[in-house]
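Note sheet for the following structure.
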There are 2 protein chains.
Amino acid sequence: MSTRVRDPKRTRRKILEAAYKEFYHHGYQGGSLNNIVKQAGITKGALFHHFPGKSAVAYAIIDEFLLPAVRKWWVDPLTNAEAPINAIKEVFKRFRQRVEKENPENGYVTNGCPICNLAAEMSPLDEGFRTRLDNLYSTWRGAIADALKRGQASGKVRPEVRPPEEAAFLVSAMAGIAATGKTARQLSHYQASIRATNRYLEAMRA
Amino acid sequence: MSTRVRDPKRTRRKILEAAYKEFYHHGYQGGSLNNIVKQAGITKGALFHHFPGKSAVAYAIIDEFLLPAVRKWWVDPLTNAEAPINAIKEVFKRFRQRVEKENPENGYVTNGCPICNLAAEMSPLDEGFRTRLDNLYSTWRGAIADALKRGQASGKVRPEVRPPEEAAFLVSAMAGIAATGKTARQLSHYQASIRATNRYLEAMRA
DNA sequence: GATCTTACCGACCGTCTGGTCGGGGGCAAG
DNA sequence: CTTGCCCCCGACCAGACGGTCGGTAAGATC
């Protein structure tokens, strides 16, 4: 039984969850610690007890929420997948289905990709954000590049394909689709873009 | 001869130029009117005489700086180009050369695409930004889609290509390349991405 | 020269920001 | 029962923010 009154891990987690939502909806610079504190149902003192400042909260979100999400969505499904192109298409499909089920008002269609949002806003402004997000993009790209490499080894991907370059392009394309998608604010934008991406993937098949 | 003392058009322009730089380097929410006023060498009074508020300044930047830039870089070069794929590749080349000549510290490599930055930050937050930027993306996509359509008419682009869908994908890819590029902060990221995009374009050639 | 409009100045305002700090109480060890 | 550490509270702070407003004077109009 967890103590109800004092529960530092739980408090910390509540802070991160509230901060994640706040930053997702208002951006990092536009996000307010006072709002976070209010939404989390705690106080300034608790927040600054667990984190030295605003940026540390965002760093923790990257390390503890976003990076694991990349691993869950991209790294794990692609490792040991013997048919990489099918596996990548499968990830897109799962993603599309998730977006289609969401409430458009406060989901992906309106607010875009949390990773790409943070990266777009904060990479030029703060080196701590930049290195963390660059690292995140690297593992994302790495997952795809490795899958393509294995596909070449098993003869399922054209040999002239350059895995790192195509992986970088694919990640960029996804980031861009999310970014332009929230400006268009239409589900069809995502659906059409995923179709185009799938055609691109098919062109790599041996 | 323009009056030196009173020159409203010149004042307005100085405000927009200073604001453009401020927002480009700090984002819209992070950008400060006090800084803009200081950099423009004018006062709060002058700024609020010419614009009703902060957002109006940014709207004017979109309408008077960014939209014309899209026309100059994408619409004009592609209209009446009889070989669309070559024309698009030419635009990429000019863009690449421009980025290679810049000072990386405060140019595209570090700060990304001004249009995409604004769109990413502000589309979910303010309907005035969203509609303006959506319109901007639309003309951008339209320029490419029209070029591809003409290419199909003249038999230079494969007939099964769907111009609007490919145009949307291309614009998304460019937005994403700029966004991930400033996180990587390496010129080579842009160069590799442009190569990948060119290969994608070549696949559409009839 | 008188009058009126437009352009601009800069001190000032209320609000909100990220961050501080002295205090208080839960809880485990001695 | 006492001590001491850790968790947390919330009033408070200096500073920055976007925005206002009374005033000044240039320049056009008559």
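Chain identifiers are assigned alphabetically (A, B, ...) following the order of the sequence lines, protein sequences preceding nucleic acid strands; residue numbering begins at 1 within each chain.
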Report the residues that fulfil ring-ring contact (aromatic ring centres under 6.0 Å, His included) with A:Y200, sequence neighbours left out, ordered by chain and then residue number.
-> A:F169, B:Y200

How many angstroms lie between atom CD1 of A:I194 and atom NE2 of A:H189, to the nearest 0.5 angstrom?
->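 The CD1 atom of A:I194 sits 10.5 Å away from the NE2 atom of A:H189.
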
To the nearest 0.5 angstrom, please state how far the CZ atom of B:R195 sits from the CZ atom of B:R96.
->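 If I round to the nearest 0.5 Å, the distance is 9.0 Å.
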
For [X] and [N], what is the distance between atoms [atom1] and [atom2] respectively, to the nearest whole Å?
X	N	atom1	atom2	result
B:F48	D:dG22	CZ	C1'	17 Å
A:F51	D:dC8	CZ	P	11 Å
A:L47	C:dT20	CG	P	12 Å
A:I36	C:dG19	CD1	P	11 Å
A:K38	D:dC9	NZ	C1'	16 Å
B:L33	D:dC17	CG	C1'	8 Å

Could I get the full list of side-chain hydrogen bond (donor to acceptor under 3.5 Å, both in side chains) partners for A:R12, not counting sequence neighbours?
-> A:E64

Residues which pass salt bridge (charged side-chain N to carboxylate O under 4.0 Å, His left out) with B:R205, listed by chain and number, not counting sequence neighbours |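 Counting only residues at least two positions away or on another chain, B:R205 forms a salt bridge (charged side-chain N to carboxylate O under 4.0 Å, His left out) with B:E202.
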
A:N34 side chain N/O closer than 4.0 Å to the phosphate oxygens (OP1, OP2) of C:dC16?
->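 Indeed not, no polar side-chain atom of A:N34 lies that close.
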
For DNA chain C, find the residues of residues 18-32 of chain A with a heavy-atom distance under 4.0 Å and give them by number; none if there aren't any.
->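 Those residues whose heavy atoms fall under 4.0 Å from DNA chain C, taken from residues 18-32 of chain A in numerical order, are A:G31, A:S32.
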
Hey, can you tell me if B:W140 and B:W74 have their rings parallel, tilted or perpendicular (30° and 60° cut-offs)?
-> tilted

What one-letter contact string describes nucleotides 4-11 of chain C from 5' to 3', where B marks a base within less than 4.0 Å of any protein heavy atom, S marks contact via sugar-phosphate atoms alone, and - marks no contact?
-> --BBSBBB

Do A:Y59 and A:F129 have ring centroids that are under 6.0 Å from one another?
->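 A:F129 vs A:Y59: aromatic centres under 6.0 Å.
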
Salt bridge (charged side-chain N to carboxylate O under 4.0 Å, His left out) contacts in which one or both residues fall within residues 34-57 of chain A, not counting sequence neighbours |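 As it turns out, there is no salt bridge (charged side-chain N to carboxylate O under 4.0 Å, His left out) pair with a partner in residues 34-57 of chain A once direct neighbours are skipped.
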
